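Order of the sequence lines sets the chain letters (A, B, ...), proteins ahead of strands, with each chain counted from 1. What's counted below: heavy atoms across the whole structure, side chains too, no hydrogens, waters or symmetry copies. Just so we're clear, the structure is a prediction, and the values are computed from it rather than from any experiment.
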2 protein chains.
Amino acid sequence: MGAGWAAAAFAGLDAPDIARLDALPVHALPAGTRLFGPGEQAQGFAVILSGRVEVSLTGASGREILLYAIEPGQSCIQSTLGLMGDEPYTGEAITVRDTRLALIPAPLFRALMDRSGPFRAQVFHAFATRMSEMTQLLERVAFTRVEARLAQALLDLGPEGLVTATHAELAARIGSAREVVSRRLEALARRGLVGTERGRILLRDLPGLRQLASVG
Amino acid sequence: MGAGWAAAAFAGLDAPDIARLDALPVHALPAGTRLFGPGEQAQGFAVILSGRVEVSLTGASGREILLYAIEPGQSCIQSTLGLMGDEPYTGEAITVRDTRLALIPAPLFRALMDRSGPFRAQVFHAFATRMSEMTQLLERVAFTRVEARLAQALLDLGPEGLVTATHAELAARIGSAREVVSRRLEALARRGLVGTERGRILLRDLPGLRQLASVG
DNA sequence: GATCCGATGTGACCATGTCACAGACGGCAA
DNA sequence: TTGCCGTCTGTGACATGGTCACATCGGATC
């Protein structure tokens with residue numbers, strides 16, 4: 001997505017609005033850029049054109065958990081909380097790859113919400129999806145064992161069978177602790193489900209992992 | 001809230017729309033009625049006029065956790081997930097007191113969303129608020145100890161100092177297990193923060209409990 | 001090779017969840 | 001009153017998970 005991204009990202013918008021969006025500057029951000037952190041005010045409504053942004057939560061102890069990721073064509077719903085309600089951010093958004101995004105300024109966002117049905121539908125749908133995902137995440141965190149969440153994370157990161165991530169990164173993703181992940185991985189390795197090397201994990205038994213991830 | 005509830009619940013709506021909403025039948029439901037459960041399709045957009053509805057999640061093991069409560073004048077956001085996206089419910093909504101509510105049928109809901117700015121603003125705001133609350137809940141469940149969540153629950157249920165609830169009910173509220181709640185309460189009692197009787201808990205040290213609830 | 005740093009392994013200990021029961025209490029019927 | 005029953009609460013034993021303190025290890029750099 002790049003020049004002319006608006007038509008693809010917001011199907012059904014009329015031509016003048018598409019032109020307005022396409023005219024917005026596109027920001028190119030290197031991997032590792034922090035888009036916003038807890039308590040900050042929204043600059044506008046962010047639409048990701050390429051790359052990937054992850055939004056995560058950090059607890060008092062320093063433990064982290066991934067809330068959700070934003071892929072190309074998706075918008076950063078978290079940024080709408082500040083635009084629509086008065087809720088401050090509680091999460092932190094960071095680019096995990098080189099990323100290009102457009103920022104719809106608050107006034108234009110509000111105008112589009114008012115006059116464009118398709119735009120509204122898009123925003124609402126994204127909202128509903130995130131809410132649903134967050135509920136599922138809450139359910140997994142509250143009720144399932146680390147092993148199931150870890151298996152799910154491994155499958156998400158390397159559906160082909162190879163995951164390049166440290167134990168600490170995996171822990172931050174599933175909201176656990178590094179040591180716990182190390183021990184779980186060792187246990188999975190003993191059972192032949194994975195192989196471990198420094199910085200990467202080989203998934204040796206994808207069906208077995210899927211089973212673990214779903215059972216909980 | 002009763003006859004003429006719409007003007008109060010949706011400030012800024014124009015007269016014809018208020019009349020349409022006021023004309024909807026009001027349902028009176030006894031405490032303990034189940035409004036919807038996991039996987040069901042939304043009947044419409046529910047607005048609570050009096051009473052209280054609690055939405056909670058149940059894990060495979062049977063453990064429960066309270067997602068949020070809906071008070072008079074608020075709407076059941078969960079029901080919009082089905083109306084706007086195609087996400088099924090994942091929670092279960094139950095009246096905890098005798099409750100009266102109006103159900104806005106899906107077609108009227110969609111029409112109002114299209115043509116009424118104030119209605120949209122209301123729905124969006126409610127959405128943003130729930131999302132923010134859910135995020136905070138996730139943070140508490142993922143990162144704070146049971147003791148802090150329990151103290152918070154006690155303060156929520158009995159800000160005056162008396163809580164009428166069983167240990168099992170408290171456990172369901174905070175997403176823990178009955179035995180754990182029993183033991184935590186006993187520990188709090190030993191420290192003089194609460195007194196326990198069958199079916200109710202006396203909060204002896206409100207500032208102390210507030211401290212516990214906030215520290216995590 | 002010597003050194004440094006991030007990644008990983010380990011043991012101890014506490015908090016929490018689960019299971020299996022044992023009492024304890026309150027209401028109700030005989 | 002007495003006995004019964006269902007619910008609430010208490011307890012011990014054990015598995016899992018989180019935290020802390022270190023030990024090791026592997027690679028990169030000098």
Side-chain angles (χ1 to χ4, degrees), chain A residues 32 57-65 138-154 157 163-191 194-202 212-213 215-216, chain B residues 32 57-65 138-154 157 163-191 194-202 212-213 215-216:
Chain A
L57 214 55
T58 304
S61 61
R63 244 159 74 217
E64 266 182 68
I65 186 167
L138 182 54
E139 181 168 3
R140 286 185 79 78
V141 170
F143 300 134
T144 70
R145 344 159 115 267
V146 163
E147 188 167 75
R149 284 185 278 150
L150 179 57
Q152 184 64 60
L154 291 173
L157 288 171
V163 171
T164 304
T166 66
H167 298 183
E169 285 162 359
L170 290 169
R173 174 169 283 258
I174 66 174
S176 178
R178 201 256 317 158
E179 299 90 320
V180 176
V181 167
S182 289
R183 286 174 180 137
R184 283 298 102 205
L185 280 175
E186 194 198 330
L188 292 180
R190 269 199 307 269
R191 287 193 269 159
V194 304
T196 65
E197 300 173 22
R198 187 188 175 87
R200 55 209 195 110
I201 296 118
L202 288 99
L212 271 186
V215 169
Chain B
L57 214 56
T58 304
S61 61
R63 245 159 73 215
E64 266 182 67
I65 186 168
L138 182 55
E139 181 168 2
R140 285 187 80 77
V141 170
F143 300 133
T144 70
R145 328 143 66 54
V146 163
E147 187 168 78
R149 283 184 278 148
L150 179 56
Q152 184 65 60
L154 291 174
L157 287 171
V163 171
T164 304
T166 66
H167 299 182
E169 285 163 359
L170 290 169
R173 174 167 281 257
I174 66 174
S176 178
R178 200 255 319 157
E179 300 90 320
V180 176
V181 167
S182 289
R183 285 174 181 138
R184 281 301 100 207
L185 280 175
E186 194 198 329
L188 292 180
R190 269 201 306 271
R191 286 193 270 158
V194 305
T196 65
E197 301 172 22
R198 186 186 175 89
R200 54 210 196 110
I201 295 119
L202 287 99
L212 271 186
V215 168

Intermediate values then yes/no, side-chain contact (heavy atoms from CB on, under 4.5 Å), L157(A) and T164(A): CA-CA 8 Å; L157(A) 288 171; T164(A) 304; over 6 Å; no
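Looking only at side-chain heavy atoms (C-beta outward), I201(B) and L188(B) stay at 4.5 Å or farther from each other.
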For a quick test of your reading: what N or O donor-acceptor pairs under 3.5 Å do the side chains of residues 176-185 of chain A make, sequence neighbours left out?
from	atom 1	to	atom 2	distance (Å)
S182(A)	OG	H167(A)	ND1	2.8
S182(A)	OG	R178(A)	O	3.4
R184(A)	NH1	E147(A)	OE2	3.4

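Across T58(B) and F143(A), no two heavy atoms sit closer than the pair C-CE1, 4.0 Å.
Summarising the geometry, atom CZ belonging to R200(A) is positioned 6.0 Å from atom CG belonging to L202(A); distances are rounded to the nearest 0.5 Å.
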Contact state string [nucleotides 7-17 of chain C, B base, S sugar-phosphate only, - no protein heavy atom under 4.0 Å]: SBBBBB---SB
